[in-house]
Asker: 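My questions all concern the structure below.
Just so you know, residue 1 is the first one in the sequence shown, and it goes up from there.
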Amino acid sequence: MADTEERSAYSQMGEQWLLRGGGLDIITTEGRDLSTEEMVLNIGPQHPSTHGVLRLVLELDGEKIRHAEPVIGYMHRAAEKLAEVRDHRQVLVLMNRHDWLSAFNNELGWCLAVEKLAEVEVPERARWIRTMMAEWNRILNHLMFTGSYPLELGAMTPMFYAFREREMIQDLMESATGARMHHSYARVGGLKDDLPRGFLKQSAEVLKWIRTKLRDFDNLIMGNEIIAARTKGIGVLPADVALAYGVSGPVLQASGVPMDPRKDEPYEKYGEVEFEVPVGTEGDCYDRLWVLVQRMHQSCAIVEQCMENLPAGDYVTKKVPTKIPEGEVYVRTENPLGLMGYYLVGDGKEYPYRLKMRTASFSNVSVLPLMLRGTLLADLIAILGSVFFVVGDIDR
């Protein structure tokens, strides 16, 4: 009985102490904003073993980003200027290196520009093989990002899955091109070599495996509640804003805009194959990752059609120009990361007079200050990673 009375008295004293503020003078800020001191935070430059050397300068108000400025140029290699003192074969080496995850697509666009200016007729077999290789390279690119993006959010397992499939595709492409990353397989007028014996059989086996594992990706990544919590409703990019900034590729398609040069201005054999352009509805980080996975499904369908329709014949034209004809041309292609444009000016000499490249990563990164403004610092990595860029493609 005494213990109960003591506890009751103790509780009453504690309540009175709390009502008085616990012995502290409490000043409320009701009706007023709690002011904090703004801080400038430097992120990067990141190590080249990531997607390149990018630096972000952030102005923070507490944990909220007031302003973000991407600082580029750390990897600038002057590819466009170097092209002015190289012939079209040597320029090819520069093209497949500015976006090291899209090598074949880069060199293909360059060859298309020279061929259009020089009016070169490419054999049918070479055009089908080019289309197939471009889609294999697209899957390679997207596997890297679908594996590395969850890693940036704290999920390690998808990276192992992605690299297993990447190795299979790289082995396949190496058997034809002789290189694992910088293929240098395309040539003005066709290809360096024909497909080796047994390539189509190996390609069909890899395709079957990739299709099976893409379903695992749907479950492992897109069905992951942690991924959903970190990406849904985060980094929303409206369609009109994306178009105003020149955003393209998976980032633009996730905002609901189905722009794709493979459909809009078909090149090579894209006008003769059936595929869809997946589009998102919300334009957030989740949709951008979802579009990336869906694009791989569509690439598998294109590869299969290329193998079915592949004709016999030459893999390179008999007459390959040695000079860049006088005139100018602009060619658009759909690279894995988005719209790639080549503006080529020739003056009838061996070297191009001028080359200007419109790279997907440059325009995609330009929208970051708008996307990051007003967001929390904790969401920075989720938004930054969902833009899917390669810094070499920005700096060129």
Side-chain angles (χ1 to χ4, degrees), residues 43 50-51 54 56 58 60-68 70 141-162 213-245 247-260 276-298 336-338 360-361 363-389:
I43 307 290
T50 58
H51 300 310
L54 178 71
L56 283 175
L58 306 178
L60 302 176
D61 181 3
E63 293 188 27
K64 184 174 290 186
I65 299 174
R66 285 288 183 88
H67 179 71
N141 177 288
H142 291 355
L143 280 174
M144 170 61 77
F145 283 101
T146 52
S148 63
Y149 183 54
L151 181 65
E152 292 163 356
L153 300 180
M156 181 179 291
T157 304
M159 195 70 169
F160 298 128
Y161 279 77
K213 295 308 170 184
L214 282 180
R215 289 194 291 269
D216 291 342
F217 264 88
D218 286 334
N219 297 326
L220 181 65
I221 300 177
M222 306 316 302
N224 190 305
E225 61 181 19
I226 299 177
I227 296 293
R230 292 292 308 275
T231 57
K232 283 192 174 182
I234 304 299
V236 176
L237 179 62
D240 57 339
V241 175
L243 289 169
Y245 275 81
V247 171
S248 61
V251 182
L252 177 62
Q253 292 161 9
S255 295
V257 182
M259 189 193 77
D260 190 323
E276 301 295 330
V277 179
V279 293
T281 57
E282 303 299 327
D284 55 11
C285 295
Y286 185 87
D287 273 5
R288 288 191 279 275
L289 182 59
W290 179 85
V291 165
L292 212 63
V293 175
Q294 297 308 310
R295 279 166 62 103
M296 287 192 284
H297 287 289
Q298 298 301 321
L337 298 182
S361 296
S363 297
N364 289 357
V365 165
S366 69
V367 80
L368 277 175
L370 185 71
M371 292 179 67
L372 291 173
R373 187 182 305 144
T375 63
L376 295 176
L377 182 62
D379 294 327
L380 167 67
I381 297 301
I383 297 173
L384 184 64
S386 71
V387 175
F388 309 130
F389 59 87

Asker: Going from CG on Leu252 to OH on Tyr245, what distance comes out if it is rounded to the nearest 0.5 angstrom?
Answerer: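 One finds 14.5 Å between CG of Leu252 and OH of Tyr245.
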
Asker: Between CD1 of Ile383 and CG of Leu237, what distance do you get to the nearest 0.5 Å?
Answerer: 10.5 Å

Asker: Once you round to the nearest 0.5 Å, how far does NE2 of His297 lie from NE2 of His142?
Answerer: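 Here the rounded value is 11.5 Å.
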
Asker: Quick one: closest heavy-atom pair of Gly233 and Asp284, and the distance?
Answerer: N-OD2, 2.9 Å

Asker: Looking only at non-hydrogen atoms, find the nearest pair between Pro278 and Arg295 and report the distance.
Answerer: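 Minimum heavy-atom contact is CG-CG, 3.8 Å.
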
Asker: With side chains defined as the heavy atoms from C-beta onward, is the minimum distance between Val293 and Ile221 less than 4.5 Å?
Answerer: no

Asker: Is a donor on one side and an acceptor on the other found under 3.5 Å between the side chain of Tyr149 and the backbone of Ala382?
Answerer: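 It does hold such a pair.
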
Asker: With a 4.5 Å heavy-atom cut-off, do Arg288 and Phe388 have their side chains touching?
Answerer: yes

Asker: CD1 of Ile43 to CG of Leu384: how many Å apart, nearest 0.5 Å?
Answerer: 9.5 Å

Asker: Contact between Glu282 and Val236 at the side-chain level, heavy atoms closer than 4.5 Å - yes or no?
Answerer: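 Not touching, per the 4.5 Å side-chain cut-off.
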
Asker: With the side chain counted from C-beta on, respond yes when Thr146 and Leu289 share a heavy-atom pair under 4.5 Å apart, and no when they do not.
Answerer: yes

Asker: What pair of heavy atoms forms the shortest contact from Pro70 to Leu56, and how long is it?
Answerer: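 The pair with the smallest heavy-atom distance is CA-CD2, 3.7 Å.
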
Asker: Hey, what do you get for CG (Asp260) to CD (Glu276), rounding to the nearest 0.5 Å?
Answerer: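 Reported value, rounded in 0.5 Å steps: 11.0 Å.
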
Asker: Does Arg373 use its side chain to pair, donor to acceptor, with the backbone of Ile65 at less than 3.5 Å?
Answerer: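 No; zero donor-acceptor contacts below 3.5 Å.
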
Asker: Is there a donor-acceptor contact under 3.5 Å from the side chain of Tyr286 to the main chain of Ile234?
Answerer: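 Such a contact is absent between Tyr286 side chain and Ile234 backbone.
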
Asker: What is the minimum heavy-atom distance between Ser386 and Val251, and which atoms define it?
Answerer: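 The pair with the smallest heavy-atom distance is O-CG2, 4.0 Å.
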
Asker: Can any side-chain N or O of Glu63 pair as donor or acceptor with the backbone N or O of Leu376 at less than 3.5 Å?
Answerer: no

Asker: On a heavy-atom basis, which atom in Gly280 and which in Val291 lie closest, and how many Å separate them?
Answerer: N-CG2, 4.0 Å

Asker: Taking the side chain as everything from C-beta on, heavy atoms only, tell me whether Phe217 gets closer than 4.5 Å to Leu143.
Answerer: yes

Asker: How long is the straight-line distance from CE of Met259 back to CG of Leu243, given to the nearest 0.5 Å?
Answerer: 7.5 Å

Asker: With heavy-atom distances below 4.5 Å as the criterion, would you say the side chains of Leu153 and Ile226 are in contact?
Answerer: no

Asker: If you compare all heavy atoms of Pro150 against all heavy atoms of Ile227, which two are closest, and at what distance to 0.1 Å?
Answerer: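 Shortest heavy-atom contact: CB-CD1, 4.0 Å.
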
Asker: With a 4.5 Å cut-off on side-chain heavy atoms, are Thr375 and Leu380 touching?
Answerer: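 Heavy-atom side-chain distance check fails, nothing below 4.5 Å.
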
Asker: Please, which pairs that meet side chain to side chain donor-acceptor pair (under 3.5 Å) have at least one residue in residues 222-244, sequence neighbours excluded?
Answerer: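 Checked against side chain to side chain donor-acceptor pair (under 3.5 Å) - neighbours excluded - no pair reaches residues 222-244.
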
Asker: Is a salt bridge present between Arg215 and Asp218, judged by a nitrogen-to-oxygen distance below 4.0 Å?
Answerer: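 Between Asp218 and Arg215 there is no salt bridge, as every charged N stays at least 4.0 Å from the carboxylate O atoms.
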
Asker: Please report, to 0.1 Å, the donor-acceptor pairs under 3.5 Å made by any side chain of residues 363-372, with sequence neighbours excluded.
Answerer:
from: Ser363; atom 1: OG; to: Arg358; atom 2: NH2; distance (Å): 3.3
from: Asn364; atom 1: OD1; to: Ser248; atom 2: N; distance (Å): 3.2
from: Asn364; atom 1: ND2; to: Leu337; atom 2: O; distance (Å): 3.4
from: Ser366; atom 1: OG; to: Ser363; atom 2: O; distance (Å): 2.5

Asker: Working note: Met156 + Leu151, criterion side-chain contact (heavy atoms from CB on, under 4.5 Å); need CA distance, chi angles, decisive distance, verdict.
Answerer: CA-CA 5 Å; Met156 181 179 291; Leu151 181 65; 4.2 Å; yes

Asker: So Arg66 and Leu60, do their side chains get closer than 4.5 Å, heavy atoms only?
Answerer: no

